[in-house]
Amino acid sequence: MDSVGCIAAPSVTAMALSSQFPLLQRLAASLHQLGWRDNAWLAVARLLAMVPGGRCALYRYQFVAQAVAPGSLCRGRGQSVSVTPCLAEADLPPGPERRPGALRERYRQGAQCLVARSSQEAGKDSMAGWIWLLRHGCQEDEVRARYALASHQSSWDLDVWVHPEQRGGLVFARLWEEANAVLYAQGVRWSCSRISRFNRASLGAHARLGTHALGTATFMRCGRWQWMAASLPPYLHLSRSPDDIPCLAFDTSSLPHYPSLELTCRILKQ
């Protein structure tokens, strides 16, 4: 009885401290979700973001591969959410803010944007979400880097976004269902992507998809200088100009083959 009382007392004290110091509570939650290493990187990123003029920044990425296979993720559900391709930047409905020129550059690279709209939305042209597909690798939006795909059965997806008011529903699942159908018809069996190691929600959503880890990379930019440290070749890179771009290659040929999709909308919900 005495030992139980000794264990319970610190717990009560910790709860009291958390209620009095919400910053400590947020830090504890962040440590639990990200781990100490990514939390340390996040602290550095926030310090660099305070440099005037946005001259410095730090990005830390996780690269993953998601299986592409025939089948329906939603199994007939989510029919109120329509997903259609948008072939030009001028036709895109208002969406999330991105770096000036980033969307134009995506289309220049041959990207395809799938736009989700919900019949439950008030505005006819409003967007519930989008996903971008690039058949042969891509140029990174945020840093100086190029992603190459070694296998012709691979593709690249990026910037999966769902409107905050639509999160928790079927928009995310419907986007992946349509992207899966488009890619499979093109002979793609693996879709690769990068996720911010600081984005806990996105990391969790991709984990529920059953992704395979392909590596990590950390980029730090100060003025025209950019440093990269990655878990795959070329491992280290120093860039001084926009034309000096490291290339990271991803090979999915050794990953296991999935003949069909077994995921459900319940798994895919955000």
Quick one: are [X] and [Y] in side-chain contact, heavy atoms under 4.5 Å?
{"X": "R167", "Y": "F172", "answer": "no"}
{"X": "T84", "Y": "L114", "answer": "no"}
{"X": "V68", "Y": "S191", "answer": "yes"}
{"X": "V188", "Y": "S154", "answer": "no"}
{"X": "Q109", "Y": "L134", "answer": "yes"}
{"X": "P96", "Y": "W130", "answer": "yes"}
{"X": "L103", "Y": "L92", "answer": "yes"}
{"X": "V64", "Y": "C192", "answer": "no"}

Considering all heavy atoms, the nearest [X]-[Y] contact:
{"X": "L149", "Y": "G137", "result": "CD1-N, 3.5 Å"}
{"X": "A116", "Y": "V81", "result": "CB-CG1, 4.1 Å"}
{"X": "E178", "Y": "V83", "result": "CG-CB, 3.4 Å"}
{"X": "F219", "Y": "A145", "result": "CZ-CB, 3.8 Å"}
{"X": "P246", "Y": "D244", "result": "CD-O, 4.0 Å"}
{"X": "A128", "Y": "S118", "result": "CB-N, 4.2 Å"}

Using modelled atom types and a 3.5 Å cut-off, is there a donor and acceptor pairing between side-chain atoms of [X] and backbone atoms of [Y]?
{"X": "N180", "Y": "A69", "answer": "yes"}
{"X": "S231", "Y": "T216", "answer": "yes"}
{"X": "S193", "Y": "L158", "answer": "no"}

To the nearest 0.5 Å, what is the distance between [atom1] on [X] and [atom2] on [Y]?
{"X": "L232", "Y": "L214", "atom1": "CG", "atom2": "CG", "result": "8.5 Å"}
{"X": "L133", "Y": "L183", "atom1": "CG", "atom2": "CG", "result": "5.0 Å"}
{"X": "F63", "Y": "L248", "atom1": "CZ", "atom2": "CG", "result": "5.5 Å"}
{"X": "Y107", "Y": "Q112", "atom1": "OH", "atom2": "CD", "result": "9.0 Å"}
{"X": "T218", "Y": "M220", "atom1": "OG1", "atom2": "CE", "result": "10.0 Å"}
{"X": "W176", "Y": "D157", "atom1": "CH2", "atom2": "CG", "result": "4.0 Å"}

Shared hydrophobic cluster for [X] and [Y] (ILVMFWY, side-chain gaps under 4.5 Å):
{"X": "M228", "Y": "I245", "result": "no"}
{"X": "L58", "Y": "W225", "result": "yes"}
{"X": "W227", "Y": "L42", "result": "yes"}
{"X": "L236", "Y": "Y147", "result": "no"}

Taking the ring of F198 and the ring of Y59, is the distance between their centroids below 6.0 Å?
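No, they do not, as the ring centres are separated by 6.0 Å or more.
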Is the distance between the ring centroids of H212 and W190 under 6.0 Å?
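Between H212 and W190, which both carry aromatic rings, the centre distance is below 6.0 Å.
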side-chain contact (heavy atoms from CB on, under 4.5 Å) with R106: which of R98, E89, Q139?
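Passing option: R98.
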Of the options M127, Q166, H163, which is the one that meets V171 in a side-chain contact (heavy atoms from CB on, under 4.5 Å)?
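That would be Q166.
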Ring pair (Phe, Tyr, Trp, His ring centres under 6.0 Å) between H136 and W156, intermediate numbers included:
CA-CA 7 Å; H136 304 290; W156 196 269; over 10 Å; no
Under the criterion salt bridge (Lys or Arg N to Asp or Glu O under 4.0 Å), I'd like the reasoning laid out for D38 against R60: C-alpha separation, chi angles, the key distance, then a yes or no.
CA-CA 8 Å; D38 281 323; R60 186 161 163 80; 2.5 Å; yes
Under a plain distance cut-off of 3.5 Å, with no hydrogens placed, do S155 and R135 share a side-chain donor-acceptor pair?
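No.
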Under a 3.5 Å threshold, yes or no: a donor from one side chain and an acceptor from the other, between S82 and R117?
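Checked: S82/R117 side chains show no N/O donor-acceptor pair below 3.5 Å.
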Should R221 and E142 count as an ion pair when the cut-off is N to O under 4.0 Å?
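No salt bridge links R221 with E142.
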NZ/NE/NH1/NH2 to OD/OE distance under 4.0 Å, D243 and R144
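A salt bridge is absent here (no side-chain N lies under 4.0 Å from a carboxylate O).
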Mark yes when over 12 heavy atoms from residues, nucleotides or ligands other than [X] sit less than 6.0 Å from its [atom1]; otherwise mark no.
{"X": "R146", "atom1": "CZ", "answer": "yes"}
{"X": "R55", "atom1": "CZ", "answer": "no"}
{"X": "R104", "atom1": "CZ", "answer": "no"}
{"X": "E165", "atom1": "CD", "answer": "no"}

Cation-pi geometry met for R194 and Y61 (6.0 Å, 45°)
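Cation-pi check for R194 and Y61: passes.
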